Amino acid sequence: MLIRELMTRNPITVSHDTSVPDALRLMREKKVRRLPVLDSHKRLVGIVSDKDLLHAEPSPATTLAVWEIPELLGKLKVEKVMTRDVITIGEETPLEEAARIMADKKIGGLPVMQGGNLVGIITETDLFKALLELLGGRRPGVRVAVAVPAVKGELSKITTAIFGAGGNIVGIGMKGILGSYGDTAEVVLKVQDVAQDTLVAALRPVVSEIMDVREISNAA
């Protein structure tokens, strides 16, 4: 999967001189948690999150009179609280690279650029949706987690056994392949068109351990 397949195109943006209350109001109306910030020439100059805006509000311990707070916030502009050094990606970036950047940098969204133009945004919610799709989370079937030696060729043995039993793999995830987590790898599969007992019998000779198996019938 590439980012262009998952991103939100034409994302909601704000101007650098938008007030904090107006930006918060826009987030709540559009149900988004971050907004790219553009200058008067429509160039990306920052990104602001709901946390940035909420932290800009006066604390309960403020000495301001209650009627002074709205006036103060009305004068506070997004450019004063936004993140200026924005990490961006291109629309041809692979999904896993965007996920790595977001995890390493501890950020929840990345503006997507084409040349110097903002063309989209990818968020942690989009990554969750992609993970759901990869693991077959919306499809009924038998979900099975197996442990195998973390060496080359083990995945081929598993898929061959499943196809031999008449099963159809509709979701797959792997952890620890080729020993990055030790000597054992974990493979999770969603399989259709085969009974649970038949699938277990087919897999048992080619895996080290069947860690979990269950029928998922209410996926939607």
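Please read these numbers as outputs of a predicted model, since none were measured by experiment. Below, all heavy atoms of this structure are taken into account, side chains as well, without hydrogens, waters or symmetry copies.
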Discussion item. Just verifying a value: how many Å separate I122 CD1 and R4 CZ, rounded to the nearest 0.5 Å?
Written reply: 12.5 Å

Item to complete: Identify whether V45 and V86 are in the same connected component of the hydrophobic contact network (ILVMFWY, side-chain heavy atoms under 4.5 Å).
Response: no

Practice prompt. Report yes or no: do M174 and V144 belong to one cluster of Ile/Leu/Val/Met/Phe/Trp/Tyr joined by side chain heavy-atom distances under 4.5 Å?
Written response: yes

Worksheet item: Any donor-acceptor pair under 3.5 Å linking the side chain of R139 with the backbone of V170?
Response: yes

Discussion item. For residues I158 and F163: do they belong to one hydrophobic cluster (side chain heavy atoms under 4.5 Å, members Ile, Leu, Val, Met, Phe, Trp, Tyr)?
Written reply: yes

Fill in: Option from R33, K30, R28 for which salt bridge (Lys or Arg N to Asp or Glu O under 4.0 Å) with D50 holds
R33

Discussion item. Distance check, rounded to the nearest 0.5 Å: E124 atom CD versus M102 atom CE?
Written reply: 6.0 Å

Worksheet item: Which heavy-atom pair separates L132 from R138 by the least distance, and what is that distance?
Response: CD2-NE, 3.3 Å

Item to complete: Could you please spell out the steps behind the side-chain contact (heavy atoms from CB on, under 4.5 Å) verdict for L44 and L38?
Response: CA-CA 5 Å; L44 182 70; L38 307 181; 4.2 Å; yes

Item to complete: Report the distance from atom CD of E215 to atom CD of Q196, rounding to the nearest 0.5 Å.
Response: 6.0 Å

Worksheet item: Nearest heavy-atom pair of P149 and S208: which atoms, and what distance?
Response: CD-OG, 3.3 Å

Fill in: Test item: K190 side-chain N/O and G136 main-chain N/O as donor-acceptor pair under 3.5 Å
yes

Worksheet item: Distance from T198 atom OG1 to I162 atom CD1, nearest 0.5 Å?
Response: 12.5 Å

Worksheet entry | Linked, directly or transitively: V146 and L155 (ILVMFWY side chains, under 4.5 Å) | yes

Worksheet item: Taking all non-hydrogen atoms of both residues, which atom of P36 and which atom of L118 are closest, and how far apart?
Response: CB-CD2, 3.7 Å

Worksheet item: Are V213 and V148 connected in a single hydrophobic cluster, I mean Ile/Leu/Val/Met/Phe/Trp/Tyr linked by side-chain heavy atoms less than 4.5 Å apart?
Response: yes

Worksheet item: Any sub-3.5 Å donor-acceptor pair from N117's side-chain atoms to V119's backbone N or O?
Response: no

Item to complete: With rounding to the nearest 0.5 Å, note down the distance linking CG in D126 to CD in E5.
Response: 12.5 Å

Discussion item. If I compare all heavy atoms of P94 with all of L2, which pair ends up nearest, and what's the gap?
Written reply: CA-CD2, 3.9 Å

Response to the item:
Between the CE atom in M113 and the CZ atom in R43, the distance rounded to the nearest 0.5 Å is 11.0 Å

Worksheet item: Taking the side chain as C-beta and beyond, is there a heavy-atom pair between V48 and M27 under 4.5 Å?
Response: yes

Worksheet item: Below 4.5 Å, heavy atoms only, C-beta onward: do D212 and R143 meet side chain to side chain?
Response: yes

Practice prompt. Determine, stepwise, if the pair R34 / D52 fulfils salt bridge (Lys or Arg N to Asp or Glu O under 4.0 Å).
Written response: CA-CA 9 Å; R34 54 193 56 82; D52 296 329; over 6 Å; no

Practice prompt. Mind listing the closest non-hydrogen atom pair of L35 and A23 along with its distance?
Written response: CD1-O, 3.9 Å

Worksheet item: Do V32 and T8 touch side chain to side chain, with heavy atoms closer than 4.5 Å?
Response: no

Practice prompt. Mind listing the closest non-hydrogen atom pair of R9 and M7 along with its distance?
Written response: NH1-CE, 3.2 Å

Worksheet entry | Sole residue of I101, T88, I3, L110 in side-chain contact (heavy atoms from CB on, under 4.5 Å) with T93 | I3

